[in-house]
Amino acid sequence: MAEKKFTTTSGIEIKEVYSEPRSITERPGEFPFTRGIQKDMYRGKTWTMRQYAGFSTAEESNKRYHYLLGQGTMGLSVAFDLPTQIGYDSDHPMADGEVGKVGVAIDSLKDMEILFDGIELEKITTSMTINATAAILLSMYIAVAKKQGANIQQISGTIQNDILKEYAARGTYIYPPKPSMRLVTDVFEYCSQQVPKWNTISISGYHIREAGSTAVQELAFTLANGKAYLQAAIHKGLDINVFAKRLSFFFNCHNNFFEEIAKFRAARRMWAKMTQELGASEPSAQKLRFHTQTGGSTLTAQQPLNNIVRVSNQALAAVLGGTQSLHTNGYDEALSLPTEAAAKIALRTQQIIAFESGVTDTVDPLAGSYFVEQLTDEIEAAAWKYIETIDAMGGSVNAIESGYMQQEIGNAAYEYQKDLEEGNRILVGVNKFTENDGVHAEVFRVDDSIRKVQTDKLNKLKAERNSTAVEKALAELAGAAAGTENLMPHILTAVEAYATLGEIADTLRKEFGEY
């Protein structure tokens with residue numbers, strides 16, 4: 001009988017024993033940052049503990065934010081509903097059935113003011129998972145900060161703003177790739193001058209992994225997209241030593257413990273080399289900073305309490321891999337948006353790792369492990385092969401337009417599902433150790449009446465606002481879109497005149513077209 005072969009999810013073979021020492025010469029905080037971007041890592045400051053939240057109306061989400069901040073969350077992470085993500089107001093026919101379901105509905109600056117009511121934006125960091133309409137939502141956030149009297153030079157946070165992975169894996173794009181990339185780099189340019197502490201993009205591997213990629217594909221495609229953003233910004237005339245300091249990444253963390261740790265270590269090393277090759281000479285422009293979210297697609301509706309263990313395992317891997325920010329999923333998220341109880345357990349998971357486990361007491365505690373060091377090298381080598389293929393195609397935009405990335409992800413998803421169905425991979429409670437007593441968990445539901453609530457608010461807003469100012473701002477935005485100037489100041493002006501998200505997105509649709 002053939003000897004059983006052990007592999008990671010990316011197909012890298014795992015040997016029985018790793019006994020050849022690998023020389024470790026670099027120090028944490030030194031190029032190429034394999035061991036971490038800070039000299040003292042969590043001894044100096046723990047990662048930012050975020051909880052992704054947003055549902056229903058701005059009023060309901062605001063209550064959850066106050067609750068999470070009261071429980072010890074260090075920063076907010078905003079989920080937006082699908083209409084907001086793709087540039088439709090809540091009263092649009094395409095929004096029917098989706099308002100407030102997978103995130104909070106934001107139709108105008110008025111909603112954003114309610115969302116952050118009583119929360120001083122100068123004192124917290126906020127991450128916003130938004131892409132096609134990122135420039136609009138960031139403008140709303142800036143407008144709220146200004147209304148609070150905050151110094152916008154001091155506000156900090158991250159906007160996802162990663163449109164390439166939308167074409168490759170997720171699907172919430174609006175415009176064709178080239179004007180979409182223009183919006184991305186306009187945000188880079190504007191923030192470098194006006195909001196210098198803001199991370200202008202969170203280059204996301206998370207959704208690539210959720211679509212079914214392997215760990216190596218997640219790493220390779222994410223960094224290839226990152227390279228495309230660097231090149232687009234350089235082409236625009238921006239200084240890589242300035243704008244690259246405000247780029248961040250967003251990775252997934254799955255169940256294969258050591259593969260995930262090695263993936264994060266390889267990511268830092270690869271990005272440092274990539275930025276250096278493109279001209280970055282300052283260490284702060286070479287460092288890969290990243291947020292991690294535990295794997296949504298790893299959660300099971302069957303035996304949902306098992307997900308607490310999965311999330312703990314993934315969170316610990318992210319910490320040992322050196323994340324700067326972490327969101328832990330609620331155990332019930334395979335069933336619904338997280339309940340308050342599930343969100344609290346998810347946050348407590350992070351706090352127990354940070355303050356009870358001892359893993360934060362030393363930097364990169366797995367450094368020098370024969371297995372981890374070799375796996376880091378092997379993951380890096382496999383990811384570079386993908387990147388070389390993408391470079392030969394002319395970069396990420398061409399690789400996406402040709403369907404290459406999508407096909408590779410689809411093939412990996414198929415192979416994983418086949419392995420599950422054939423029993424080659426075990427998923428506890430799903431294809432082994434199953435029970436037949438159904439799902440027993442409290443689930444969170446969003447009422448369908450939310451659409452009427454939002455529509456009523458929209459009607460009231462349009463009756464009270466200065467319609468002449470709105471029309472003028474939208475006309476000026478259209479003129480700017482037809483030219484080459486930075487669109488952010490025009491979007492901000494429209495937002496502050498209380499133009500709706502849909503009106504602004506439609507103005508750009510008319511100029512750019514839809515993809």
Side-chain angles (χ1 to χ4, degrees), residues 3-16 18 165 168-170 204-224 249-270 290 292-300 306-307 309-323 329 334 366 369 371-387 389 405-433:
E3 186 178 343
K4 184 178 179 183
K5 186 177 179 181
F6 292 81
T7 65
T8 70
T9 65
S10 301
I12 295 170
E13 187 170 358
I14 301 171
K15 295 190 293 186
E16 184 175 8
Y18 290 78
K165 67 94 177 46
R170 190 162 174 266
S204 177
Y206 184 85
H207 304 98
I208 291 171
R209 194 67 177 279
E210 290 292 285
S213 79
T214 66
V216 165
Q217 288 172 339
E218 177 194 0
L219 174 59
F221 298 162
T222 304
L223 294 189
F249 286 80
F250 174 23
F251 286 114
N252 208 311
C253 198
H254 266 228
N255 289 329
N256 194 306
F257 191 71
F258 291 107
E259 182 179 37
E260 295 302 304
I261 294 166
K263 178 187 76 180
F264 297 133
R265 299 174 88 248
R268 279 191 294 272
R269 193 156 71 202
M270 293 175 72
F290 69 99
T292 308
Q293 182 173 340
T294 55
S297 62
T298 69
L299 303 178
T300 63
N306 292 347
N307 293 327
V309 182
R310 292 187 178 101
V311 168
S312 302
N313 176 64
Q314 295 162 12
L316 182 58
V319 170
L320 290 171
T323 193
N329 290 328
L366 294 180
S369 156
F371 177 38
V372 170
E373 294 297 347
Q374 184 162 332
L375 190 54
T376 301
D377 292 346
E378 290 187 70
I379 286 174
E380 179 182 7
W384 280 125
K385 285 182 181 177
Y386 270 115
I387 291 172
T389 299
M405 285 191 192
Q406 298 93 312
Q407 185 65 49
E408 289 294 309
I409 294 167
N411 290 344
Y414 171 77
E415 290 298 328
Y416 177 77
Q417 187 61 34
K418 190 171 77 166
D419 279 349
L420 282 183
E421 292 177 6
E422 293 175 354
N424 297 325
R425 291 195 182 274
I426 293 171
L427 195 55
V428 174
V430 175
N431 67 353
K432 198 163 187 177
F433 314 113

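- Between the side chain of Thr300 and the main chain of Asn307, no donor-acceptor pair closer than 3.5 Å is present.
- Counting heavy atoms from C-beta on, the side chains of Phe290 and Arg268 come closer than 4.5 Å.
- Partner of Asn306 under the side-chain contact (heavy atoms from CB on, under 4.5 Å) criterion, out of Leu427, Val428, Val311, Val430: Val428 alone.
- Checking Arg425, Lys418, Gln417 one by one against Glu421, the side chain to side chain donor-acceptor pair (under 3.5 Å) holds for a single residue, Gln417.
- At least one donor-acceptor pair under 3.5 Å links the side chain of Ser10 to the backbone N or O of Val216.
- Between Ala168 and Met405, the shortest heavy-atom distance links the atoms CB-SD, 4.2 Å.
- Atom-to-atom distance recorded for Ser297:OG and Tyr206:OH is 6.5 Å, nearest 0.5 angstrom.
- Annotation: Lys385, atom NZ; neighbour count of heavy atoms from other residues, nucleotides and ligands within 6.0 Å does not exceed 12.
- With respect to the salt-bridge test (charged N to carboxylate O, under 4.0 angstrom), the residues Arg265 and Glu380 do not qualify.
- Shortest non-hydrogen contact noted between Ile379 and Ala266 is CG2-CB, 4.2 Å.
- When atom types are taken as modelled, the side chain of Asn256 and the backbone of Thr8 share no donor-acceptor pair closer than 3.5 angstrom.
- With contacts defined as side-chain heavy-atom distances shorter than 4.5 Å, the pair Phe371/Ile14 qualifies.
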- Query: What's the verdict on side-chain contact (heavy atoms from CB on, under 4.5 Å) for Phe249 and Leu223, showing C-alpha distance, side-chain angles and the deciding distance?
  - Reply: CA-CA 9 Å; Phe249 286 80; Leu223 294 189; 3.7 Å; yes

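- Using a 4.5 Å heavy-atom threshold, the side chains of Phe264 and Thr292 count as touching.
- The line from CZ of Phe257 to CD of Gln314 is 11.0 Å long, rounded to the nearest 0.5 Å.
- For the atom pair Lys5 NZ and Glu13 CD, the distance stands at 4.5 Å (nearest 0.5 Å).
- Here the shortest heavy-atom pairing between Leu219 and Ala383 reads CD2-CB, 3.9 Å.
- Annotation: side chain of Thr222 is not in contact with side chain of Phe250 (no heavy-atom distance under 4.5 Å).
- One distance of note links CG of Leu366 with CZ of Phe258; it measures 6.5 Å at 0.5 Å rounding.
- In this structure, Ile208 and Glu408 have side chains that are not in contact, with every pair of non-hydrogen atoms separated by 4.5 Å or more.
- Annotation: ring pair (Phe, Tyr, Trp, His ring centres under 6.0 Å) contacts of Tyr386 (sequence neighbours excluded): Phe221.
- With hydrogens and angles disregarded, a donor-acceptor distance shorter than 3.5 Å links the side chain of Thr294 to the backbone of Asn329.
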- Pair Asn411-Glu415, side-chain hydrogen bond (donor to acceptor under 3.5 Å, both in side chains): steps then yes or no: CA-CA 6 Å; Asn411 290 344; Glu415 290 298 328; over 6 Å; no

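- Ala317 and Cys253 make their closest contact through CB-SG, 3.8 Å (heavy atoms, listed as atom of the first residue, atom of the second, distance).
- No more than 12 heavy-atom neighbours from other residues, nucleotides or ligands sit within 6.0 angstrom of CD on Glu16.
- Side-chain contact between Thr214 and His254 is absent, with no heavy atoms from C-beta onward closer than 4.5 Å.
- Atom CZ of Phe251 sits about 10.5 Å away from atom CD of Glu260, to the nearest 0.5 Å.
- At a threshold of 4.5 Å between non-hydrogen side-chain atoms, the residues Thr9 and Glu259 count as touching.
- You'll find the side chain of Lys263 reaches within 4.5 Å of the side chain of Arg209, heavy atoms only.
- With Asn252 as the partner, the side chain to side chain donor-acceptor pair (under 3.5 Å) test is satisfied by one option alone out of Glu218, Glu210, Gln293: Glu210.
- Checking side-chain atoms of Asn431 against main-chain N and O of Gly423 turns up no donor-acceptor pair under 3.5 Å.
- Note that OG of Ser369 is 9.0 Å distant from CD1 of Ile261, once rounded to the nearest 0.5 Å.
- With sequence neighbours left out, Gln374 forms a side chain to side chain donor-acceptor pair (under 3.5 Å) with Glu378.
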